[in-house]
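Just follow the structure's listing: the first ligand is 1, and inside any ligand the first atom is 1. For clarity, every value in this text was computed on a predicted model and none was experimentally measured.
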Amino acid sequence: MSDDAIPAVLPLRNDLVGETPYGAPQLDVPVCLNVNENPYAPSDAVADSIARRVRDIATMLNRYPDREHIELRKAFARYLAGESGVSLPFEQLWGANGSNEIMLQLFQAFGGPGRTALGCDPTYSMYPEYARDTFTTWRVVHRRDDFTLDVNATVDAIIRTRPSLVVITSPNNPTGTPLPMDQLAILLDACRKAGVEGAAEGTHPVLVVDEAYIEFRDPGTPSALTMLAGHENLAVSRTMSKAFAFAGARVGYLAASRGIIDAVRIVRMPYHLSALTQAAALAALEHTDELLAQVDHLRRTRGETAHWLATRRYHGRPLRVAESQSNFLLFGGGFEDRERIFDELLKRGVLIRVVGPEGWLRVCMGTDEEMSRFRAALDEVLAIV
Ligand SMILES: Cc1ncc(COP(=O)(O)O)c(C=O)c1O
């Protein structure tokens with residue numbers, strides 16, 4: 001029995017017996033490149049704005065916060081209009097404690113016993129957990145060898161499985177693969193035609209595009225937000241955790257039809273978004289340009305690192321690097337013992353992530369200094385494994 005096993009006297013839900021909490025190791029090492037954070041901390045100016053906003057509402061903490069967080073939803077709308085050129089009324093936006101909570105709310109509203117959610121593997125490892133926690137069946141269609149979607153197989157699965165939710169990550173985690181708009185259009189069309197097992201006649205699957213990393217895409221590439229008009233069953237999940245350098249504040253948001261937002265409002269906890277979180281997010285959104293200032297640089301780091309990785313050799317063969325539009329790279333493709341490479345990097349103070357298909361490892365883009373430490377450590381490790 002492991003130390004954190006749940007004592008047998010506790011009537012834990014049967015399907016949770018033997019389960020462990022999800023999460024990457026939180027280790028105190030010099031170079032943390034494992035959870036896809038932005039390595040650049042908010043500036044003093046941002047911190048001062050947050051402190052001011054929080055001070056202003058601190059004397060009102062005896063009252064519950066605005067349950068509908070309307071000021072924040074309006075601020076998300078302004079941000080998206082600038083970032084993606086899509087104007088939405090605040091009724092089409094919704095915030096929560098990280099996009100993890102957004103996704104859970106979507107599963108709570110549209111999943112459930114007798115329902116299926118469909119994703120495209122390899123993908124973000126939390127989706128099966130949202131499914132488990134909402135008694136939703138989780139099914140996957142495998143991506144192609146280059147990690148792009150197998151569109152025909154996905155369409156077939158939508159028609160055959162009749163899922164209530166289809167979850168596509170763009171750019172995908174852990175591969176970085178974007179979802180081209182023509183493929184999204186095909187999937188939306190399939191959802192428009194498909195029915196939903198366990199739901200009323202005439203209903204169709206909700207297609208969720210998880211755009212947690214979308215700000216790192218190449219400039220000029222459209223977001224799924226551009227497809228919202230006319231697609232009542234499309235939901236786009238976003239977060240301030242990644243490009244926005246705000247992971248610690250736990251702010252995610254959803255852009256979707258009013259119907260989807262209203263469905264999510266049914267399942268949310270009362271006052272789920274604290275006044276402190278709302279104040280901090282509003283302050284951060286006042287500094288959008290500054291918080292996103294490093295995105296260009298991280299994009300360049302991604303390009304340079306991908307190029308560098310492709311010049312390294314493992315057992316005589318060049319490393320493979322998955323095409324990424326995100327702030328991380330999946331690399332290797334043929335590591336015989338990836339745990340050993342992970343451990344050897346960790347011994348050298350560099351924490352990356354063992355995730356994705358066997359033989360691959362994922363590294364997140366850090367500061368220039370962190371990346372040069374990663375490169376030096378990986379060269380040492382490749383020489384001994
Ligand atoms: C694809 C994807 N979606 C959602 C999240 C959750 O992010 P957050 O809850 O911090 O918004 C992550 C975090 O790593 C992710 O990789």
TODO: Give a yes/no verdict on whether any heavy atom in Gly252 is under 4.0 Å from an atom of ligand 1.
DONE: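 Not so, Gly252 does not reach ligand 1.
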Task: 4.0 Å heavy-atom contact, Arg250 with ligand 1 - done: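 The answer is yes: ligand 1 sits under 4.0 Å from a heavy atom of Arg250.
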- [ ] May I ask you to check whether Tyr127 has an N/O atom sitting below 3.5 Å from an N/O atom of ligand 1?
- [x]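 No, there is no polar N/O contact under 3.5 Å.
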Open item on the list: Quick check: Tyr213 and ligand 1, any N/O pair under 3.5 Å apart?
Closed with: yes
With heavy-atom distances below 4.0 Å as the criterion, list the atoms of ligand 1 near [X].
X      : result
Lys242 : 13 (C), 14 (O)
Gly98  : 9 (O), 11 (O)
Thr169 : 1 (C)
Ser241 : 8 (P), 10 (O), 11 (O)

Open item on the list: Less than 4.5 Å apart, side chain to side chain, heavy atoms only: is that true for Val363 and Leu378?
Closed with: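 Of all side-chain heavy-atom pairs linking Leu378 with Val363, none is under 4.5 Å.
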Open item on the list: Taking the side chain as everything from C-beta on, heavy atoms only, tell me whether Ser223 gets closer than 4.5 Å to Arg238.
Closed with: yes
Task: atom 6 (C) of ligand 1: the protein heavy-atom neighbour that sits closest, reported with distance to 0.1 Å - done: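 Result: Ser99 OG, 3.4 Å.
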Task: Nearest neighbour of atom 2 (C) of ligand 1 from the list Ile102, Val35, Asn173, Asp210, on a heavy-atom basis - done: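 Nearest option to atom 2 (C) of ligand 1, by heavy atoms: Asp210.
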Open item on the list: The test is side-chain contact (heavy atoms from CB on, under 4.5 Å); show your working for Phe328 and Asn173 and say whether it passes.
Closed with: CA-CA 9 Å; Phe328 52 80; Asn173 179 10; 4.0 Å; yes
If we count only N and O atoms by modelled type, under 3.5 Å, do the side chains of [X] and [Y] hold a donor and an acceptor together?
X      : Y      : answer
Tyr124 : Asp210 : no
Thr161 : Thr116 : no
Thr134 : Thr136 : yes

- [ ] Write down the atom of His142, the atom of Asp150, and the distance for their closest heavy-atom approach.
- [x] O-CB, 3.7 Å
